[in-house]
2 protein chains.
Amino acid sequence: MASSVQRKRIRKAPAARRAEIVDAAAAVALGEGLECVTLQRIADELDVRPGLISHYFGTAEDLVAEAFGAATGAELDVLLPEERTGGTCTEHLARFFALAAGPEFDRLSRLWINAWHLRGSRPVLNERVLERETAWRTRLESLVREGVARGEFRTDDPYVTTLQIIVVLDGLGAHANTDTSYRPEAVARMAVTVAEQGLGLARGALGPVGSAASE
Amino acid sequence: MASSVQRKRIRKAPAARRAEIVDAAAAVALGEGLECVTLQRIADELDVRPGLISHYFGTAEDLVAEAFGAATGAELDVLLPEERTGGTCTEHLARFFALAAGPEFDRLSRLWINAWHLRGSRPVLNERVLERETAWRTRLESLVREGVARGEFRTDDPYVTTLQIIVVLDGLGAHANTDTSYRPEAVARMAVTVAEQGLGLARGALGPVGSAASE
DNA sequence: GATGATATTGAGTGTGCCACCAATAAGCAA
DNA sequence: TTGCTTATTGGTGGCACACTCAATATCATC
């Protein structure tokens, strides 16, 4: 005789409710994967009925795409802020790599892997993935370009260098789960190394170099 | 009144039937993803009843893991044969990179992405993934080591160099789907470049260098 | 305090999947 | 041919999910 007592309804402004749903969905996506972003799951999370989620998102896939977009968008602003107030480009880039080595970034990597796979079967999500890919790339590329303009960096092709950094980051992220295996510094530092070489920086300019070094 | 006429039964030797099932599952996994490897789907593929698949694989997850293992194992033998009869290590490695640039490798990359993601929720699959990861790594590493022994390659740490190559391959593979975007040669050739640099080889030793080059 | 717009519920439909089990027939061996 | 092993079937139950829709309660507005 638990709950047939007619639920208490809490009515919220559409915009607020929608934001609430998206936030919950993004958290679930980041923590448990995009396939756990179901009407039922998110409804439970917010203690409402599944029908309510349907009311805001015509299709479950829309919600999934929105969850992915929200999660990756928020992380992007943390890692590569649009407005760079103080500090040199080198410092900003170094900060980026420092954060990219942290555990929070691993969760993000997992989400990307998740989305890359699901993209094949979900057109709406796929569009969101493509959008976010260019967002991340352009954000990083603009940092590189500004560094070049300021004379901090030196590269033949900022676009190519940006892509090279991203490829390495993705490659490292792919194994984010396999943290049981020992990862040598020369591997863990690959992204930094590629950046330093590609941007004409001194070794160690973008991140600390440990004792035993490669090459 | 189509098919209530009692199906014709075709009885096969257990080993043969099992192999048939695994092959079909591997094909589906490679072509449509591991989540399409269901009892029903594979049964349809072979024109048998789902119960039969259950008879050979106690759990659906076992079948999925087996499908992944079969697919990646077969590809490994094609790309990096255990027995290297003729040719130098350099030639074998160059051949590997040539194949790794082909469309067939993209399908394999997708499968890996797929498995990386699913590993979290499927212990049996996870075990298979770990096993295959070391299989690929050791196979590549042994090629590197033999090259070093023969004096073809030169590296401080074969293990590290191997990992670096794999990281780049994974990074490139992550974007295997996004073939709409233009990929500059300096990016497409990254794996080869990392290998050439890490193994002390001349530029172009492991793959053709196009007209416009980077750095 | 009454009223109307609508956010929210509850209930129901349909699908796809895994897992279990008893009955059946295919093919090998005696 | 006969008998036996077992590969294969058919059917059942249960779970989780997406989607629909009429009914209802809530809040803002007057």
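What you see is a predicted model; the values in this text were computed from it and never measured. So that the names make sense, note that chain A is the first sequence line, chain B the second, and so on, each numbered from 1.
Residues passing the ring pair (Phe, Tyr, Trp, His ring centres under 6.0 Å) test with A:F68, sequence neighbours excluded: A:W112. The side chain to side chain donor-acceptor pair (under 3.5 Å) test applied to A:T90 returns A:E152, not counting sequence neighbours. Listed by chain and number, the residues in a salt bridge (charged side-chain N to carboxylate O under 4.0 Å, His left out) with A:E35 amount to none (sequence neighbours excluded). Scanning for side chain to side chain donor-acceptor pair (under 3.5 Å) contacts around A:D157 gives an empty result, with sequence neighbours left out. Applying the salt bridge (charged side-chain N to carboxylate O under 4.0 Å, His left out) rule to B:R189 yields the partners B:E196; only residues at least two apart in sequence or on another chain are considered. Remark: B:F96 engages no residue in a ring pair (Phe, Tyr, Trp, His ring centres under 6.0 Å) (not counting sequence neighbours). Scanning for side chain to side chain donor-acceptor pair (under 3.5 Å) contacts around A:R18 gives an empty result, with sequence neighbours left out.
Residue A:R49 places no side-chain atom within donor-acceptor reach of the base of C:dT9, judged by atom type and a 3.5 Å distance cut-off alone. Looking at A:R9, its side chain comes within 3.5 Å of the base of C:dT8 through a donor and an acceptor atom.
The distance between atom CZ of B:R11 and atom P of C:dT24, rounded to the nearest whole Å, is 16 Å. Summarising the geometry, the separation between CD on B:E35 and C1' on C:dG16 is reported as 14 Å, rounded to the nearest angstrom. In this entry the distance linking CG of B:L46 with C1' of D:dA7 reads 14 Å, nearest Å.
Taking only side-chain atoms of B:T38, from C-beta outward, the nucleotide of D:dA18, D:dT8, C:dC17 with the closest atom is C:dC17.
Within residues 51-68 of chain B, the residues approached by DNA chain D to less than 4.0 Å at the level of any non-hydrogen atom are B:G51, B:L52, B:H55, B:Y56, in residue-number order. Within residues 14-24 of chain B, the residues having any heavy atom closer than 4.0 Å to DNA chain D are, in order of number, B:P14, B:R17.
For residues 27-62 of chain A, no pair satisfies ring pair (Phe, Tyr, Trp, His ring centres under 6.0 Å), with sequence neighbours left out.
Direction change of the helix axis from one end of the helix from C:dG1-D:dC30 to C:dA30-D:dT1 to the other is 10°, with five pairs defining each end axis (rounded to 10°).
With respect to A:E66 and A:R128, a salt bridge is recorded, a charged nitrogen being found less than 4.0 Å from a carboxylate O.
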Which donor-acceptor pairs under 3.5 Å do side chains of residues 78-85 of chain A form with protein atoms, sequence neighbours excluded?
{"from": "A:R84", "atom 1": "NH2", "to": "A:E146", "atom 2": "OE1", "distance (Å)": "2.5"}

